[in-house]
Amino acid sequence: MEQAKRICIIGAGASGICTLKAFAYYKDQLEANGNPNGEIFPEIICYEQMAEPAGIWNYTWRPGTDPTGRILHSVMYSDLYINIPKEAMEFRDYTFEEHIGFNCPSFIARGMCKDYLDAYLEKSGMKPCVQFSTRIEEVNYSKETKIFTVKISDLKIKSIITKEFDYVAVCAGHLVLPFIPEYPGFDTTDIRIIYSRDVRGLDEYRGRRVMVMGSSFSGEDLCCLLLKHGVKKIVLSNRNSKGTSPVSAQNNKWGSDALVTAPGLAKLLGETCHFVDGITHDVDVIILCTCYKHSYDYLQQDLIVEPVNNHWPLNLYKGVLPLTADN
Ligand SMILES: Cc1cc2nc3c(=O)[nH]c(=O)nc-3n(C[C@H](O)[C@H](O)[C@H](O)COP(=O)(O)OP(=O)(O)OC[C@H]3O[C@@H](n4cnc5c(N)ncnc54)[C@H](O)[C@@H]3O)c2cc1C
């Protein structure tokens, strides 16, 4: 008799929840059609290392590492608001309006996203498939048997088991391991240099001079928040800009004299940032918003899709299914 396929899903963030929901939909379809071909619904286990669903939308006060000593998965600061309208983020079959009960503004606070994802998982009926506080340590694949062997650690009772699966869905997120650039003077300065993932509350920057390095999503968002929280001065450095610092308030899209833009950093001497256009700014803190490195160190080397640092990795059909793998 045919066995149910065994499916392992790594992670219960937005992607893992979508994957679980797709299986719920498949199950509904089988039941609605009376399952004329006798298809066997697979056995699904989703392993989530955190104690809760929603991935990076889980906020924590913790700096650096999680309670098990690994790099913290959560990267949110306390005042984070979504950076695309909620209407572009919501699931087709469950709107934010339906979830919240009224139509609130398009840009909502991070806590509402967490709440929404929790509710969507609950509604899908697939939450019992999620084993929380379990981490995937290793995934190996045999081309001969076409089976994945997965090493799973139970973080609560501190034990490791090995299980076999026919398919593995990697929904483990890719914005975790920061890319930290090195510049002359970083090693010798006394000022604070932190990465955006380590920012929590913003009040500590009131009255301070901050250099924000990197002007993509996190950089721009943090500038807005720092301005709201009464920062004294922001130097927003973008290594791709030609360098016309300081930008005057008149042609400054930020509409604040407290913010000047700068090109890439050349070096740091004490508290003085020297930019490639020769202009200097003294600052108290540098916040690095310099993106993330993709890392899937638990996957057998030949299962990793290259290039690893790309929003659209090659060799993935529709950005999801590996073209080179047979499972
Ligand atoms: C600061 C910031 C702000 C953002 N703002 C927005 C926004 O406003 N709008 C938007 O659409 N997107 C935003 N994003 C993008 C965000 O990454 C996606 O919206 C989405 O939440 C990603 O979901 P995911 O499931 O792919 O990854 P994650 O949310 O990272 O979830 C992955 C899950 O996998 C688990 N996991 C990882 N490794 C293992 C393992 N080995 N074993 C077991 N479990 C594991 C993690 O614990 C986590 O729960 C933002 C990203 C960042 C970093």
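Here the structure is a predicted model, which is why all the values come from computation and not from measurement. One-based numbering, in listed order, for ligands and for the atoms of each. Computed from heavy atoms alone, side chains included, the values below leave out hydrogens, waters and symmetry copies.
Interface atoms of ligand 1 facing Tyr47, defined by a heavy-atom separation under 4.0 Å, are 43 (C), 44 (N). Near Leu175, the atoms of ligand 1 lying under 4.0 angstrom from a non-hydrogen atom of the residue are 17 (O), 51 (C), 53 (C). Below 4.0 Å from some heavy atom of Arg135 lie the following atoms of ligand 1, by number and element: 40 (C), 41 (N), 42 (N), 43 (C).
Nearest-heavy-atom check against atom 7 (C) of ligand 1 across Asn83, Leu80, Asn58 picks out Asn83. Comparing Ile136, Leu222, Ile152, Val139 against atom 41 (N) of ligand 1, the shortest heavy-atom distance belongs to Ile136. When the heavy atoms of Ser218, Cys46, Cys291, Ala172 are ranked by distance to atom 38 (N) of ligand 1, first place goes to Ala172. Proximity annotation for atom 28 (P) of ligand 1: of Met50, Glu52, His73, His73 comes nearest, heavy atoms only.
Under the 4.0 angstrom criterion for non-hydrogen atoms, Asp221 is not in contact with ligand 1. The shortest separation from a heavy atom of Leu117 to ligand 1 is not under 4.0 Å, leaving the residue out of contact.
In terms of protein heavy-atom proximity, atom 35 (C) of ligand 1 is closest to Glu48 OE1, 3.3 Å. When only non-hydrogen protein atoms are considered, atom 18 (C) of ligand 1 lies nearest to Trp57 NE1, 4.5 Å. Remark: minimum distance from atom 27 (O) of ligand 1 to any protein heavy atom is reached at Gly173 CA, 3.3 Å. Protein heavy atom closest to atom 53 (C) of ligand 1, with residue, atom name and distance, is Val75 CG2, 3.3 Å. Nearest protein heavy-atom neighbour of atom 29 (O) of ligand 1: Ile56 N, 2.9 Å. Of all protein heavy atoms, the one lying nearest to atom 9 (N) of ligand 1 is Met89 SD, 3.2 Å. Looking only at heavy atoms of the protein, atom 2 (C) of ligand 1 is closest to Met76 CE, 3.9 Å. For atom 26 (O) of ligand 1, the nearest non-hydrogen atom of the protein is Ser15 OG, 2.6 Å.
Only the backbone of Cys171 comes within contact range of ligand 1, with a heavy atom under 4.0 Å; no side-chain atom does. Counting heavy atoms under 4.0 Å from ligand 1, residue Thr134 touches it through the backbone alone.
For the pair Lys267 and Tyr183, the cation-pi criterion (under 6.0 Å, within 45° of the ring axis) is not fulfilled. The cationic atom of Lys27 (NZ for Lys, CZ for Arg) lies less than 6.0 Å from the six-membered ring centre of Phe41 and within 45° of the ring axis. Figure legend: cation-pi geometry between Arg135 and Tyr47 absent, as NZ or CZ is not positioned both under 6.0 Å from the six-membered ring centre and within 45° of its axis.
In the model, Tyr94 has a side-chain atom that pairs as donor or acceptor with a side-chain atom of His99 under 3.5 Å.
Using the six-membered ring where Trp is involved, His281 and Phe275 have ring planes that are perpendicular, over 60° apart on the 30 and 60° scheme.
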